[in-house]
Amino acid sequence: MIELIDVTKEYSKGIAALNGVNLYVDQGEFVFIVGDSGSGKSTLIRLILKELEPTDGTIIVNGQTLNTMKHRRIPLYRRGIGVVFQDFRLLKDRNIYENIAFAQRVVEKPARVIKKKVPAALSMVGLAQKYKSFPKELSGGEQQRVAIARAIVNEPAILLADEPTGNLDPKNSWEIMKLLEEANERGTTVLVVTHNQEIVNEMRKRVVTMKKGVIVNDKRGGYR
Ligand code: ADP
Ligand code: MG
């Protein structure tokens, strides 16, 4: 499903943010990516999204080799991936319903589909009542739940979350992780970058540990 083969990424010559990374993630897996700040976690996520090009190595996602993908194919490719960031990235001037509907309009979903899917996605994250609210009227935890609803509304095969609980308190962090786990239980492959040791230790998922651009540990269970 996601395969990185000897992937190196240098932002400037001779300084590798990723250094010969090999990673295989099967369809339906839930994987935590942990490691110190600067170890290359976000670089890994951005390479999978094809926001960055590797300096060396091959990346294959859903059977497609990203290195040789045509530029005009990239938007379609990205539509198959839901993304959640630390800072929520909602549209401030649109209400919650519109934030999620927007994700459907860009993929040209018909209005009758949008009318069904947006409330369904909001229900999944427990925010059905808040559809008229604007982002600033919601707590951080609620805003991140909206971001998750937006990420899953198109039923992506892959969900990538880069420090999704970085701005949240422990209770909200748990709620967000549980929503990511539920998406995984519905069949989505999930990669979550996090610093939250307690959650990683308790959830007993596969944990990939990065250090200075290399994977130094990869096993099921707790932190490090
Ligand atoms: P993490 O997400 O684990 O904190 P990153 O992938 O963001 O790590 O960064 C890995 C390394 O690459 C760091 O040394 C960082 O300074 C460097 N880096 C990240 N983004 C850029 C960029 N756009 N330009 C130059 N260097 C970068
Ligand atoms: Mg990062």
Side-chain angles (χ1 to χ4, degrees), residues 2-25 29-61 66-67 69 71 74 77-78 81-90 140-141 143-144 147-148 150-151 156 158-170 172-174 176-177 179-181 183-184 189-201 203 205-224:
I2 300 173
E3 193 171 11
L4 280 80
I5 306 162
D6 296 329
V7 170
T8 292
K9 173 65 188 176
E10 297 179 352
Y11 288 100
S12 47
K13 214 167 168 43
I15 307 168
L18 287 188
N19 196 349
V21 165
N22 287 284
L23 177 67
Y24 182 81
V25 178
E29 276 197 88
F30 188 114
V31 183
F32 281 123
I33 316 266
V34 306
D36 296 340
S37 179
S39 59
K41 306 179 299 297
S42 296
T43 299
L44 178 75
I45 297 290
R46 297 183 64 203
L47 285 164
I48 295 169
L49 281 168
K50 204 170 163 67
E51 283 182 16
L52 294 173
E53 294 301 321
T55 311
D56 208 349
T58 305
I59 303 172
I60 304 167
V61 181
L66 299 196
N67 310 57
M69 186 180 284
H71 269 281
I74 297 173
Y77 165 70
R78 290 202 185 121
I81 304 177
V83 199
V84 179
F85 297 99
Q86 179 171 0
D87 55 358
F88 322 137
R89 301 196 190 178
L90 302 176
Q143 289 186 56
Q144 194 62 301
I148 288 178
R150 179 180 59 184
I158 298 171
L159 187 53
L160 305 176
D162 193 350
E163 301 197 32
T165 65
N167 286 334
L168 303 179
D169 60 29
N172 280 300
S173 297
W174 268 110
I176 292 302
M177 289 297 185
L179 290 173
L180 296 174
E181 188 175 40
N184 177 246
T189 304
V190 178
L191 263 65
V192 185
V193 173
T194 187
H195 288 289
N196 197 314
Q197 286 197 36
E198 186 199 314
I199 289 178
V200 171
N201 286 338
M203 282 178 71
K205 306 290 188 188
R206 179 177 171 191
V207 184
V208 169
T209 307
M210 301 193 59
K211 193 170 184 178
K212 295 182 181 165
V214 298
I215 292 173
V216 293
N217 201 358
D218 184 349
K219 65 173 184 224
R220 179 168 285 273
Y223 210 83
R224 276 168 234 267

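In each ligand, atom 1 is the first atom listed, and ligand 1 is the first ligand listed.
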Task: Interatomic distance, D36 atom CG to T209 atom OG1 [nearest 0.5 angstrom] - done: 10.0 Å
TODO: Return the set of protein N, O or S atoms whose distance to the Mg ion (ligand 2) is under 2.8 Å, each given as residue and atom.
DONE: S42 OG
Open item on the list: If we check side-chain contact (heavy atoms from CB on, under 4.5 Å) with L18, which of these qualifies: T8, V214, L47?
Closed with: L47
Task: Residue contacts for ligand 1, heavy atom to ligand atom, distance under 4.0 Å - done: Y11, A17, D36, S37, G38, S39, G40, K41, S42, T43
- [ ] Quick one: list whatever passes salt bridge (charged side-chain N to carboxylate O under 4.0 Å, His left out) with R89, sequence neighbours left out.
- [x] D87
- [ ] Establish, for the pair K205 and F30, whether the NZ or CZ atom is under 6.0 angstrom from the six-membered ring centre and no further than 45 degrees off its axis.
- [x] yes
- [ ] Output the distance between atom CD (E51) and atom CZ (R46), rounded to the nearest 0.5 Å.
- [x] 5.0 Å
Open item on the list: L23 vs V208, test: side chain to side chain contact (heavy atoms under 4.5 Å, CB included). Steps then yes/no.
Closed with: CA-CA 9 Å; L23 177 67; V208 169; 3.9 Å; yes
Task: Intermediate values then yes/no, side chain to side chain contact (heavy atoms under 4.5 Å, CB included), T55 and Y11 - done: CA-CA 8 Å; T55 311; Y11 288 100; over 6 Å; no
Open item on the list: Just by distance, no angles: are the side chains of T58 and N67 close enough, under 3.5 Å, to form a donor-acceptor pair?
Closed with: no
TODO: With sequence neighbours excluded, tell me which residues meet salt bridge (charged side-chain N to carboxylate O under 4.0 Å, His left out) with K50.
DONE: E53
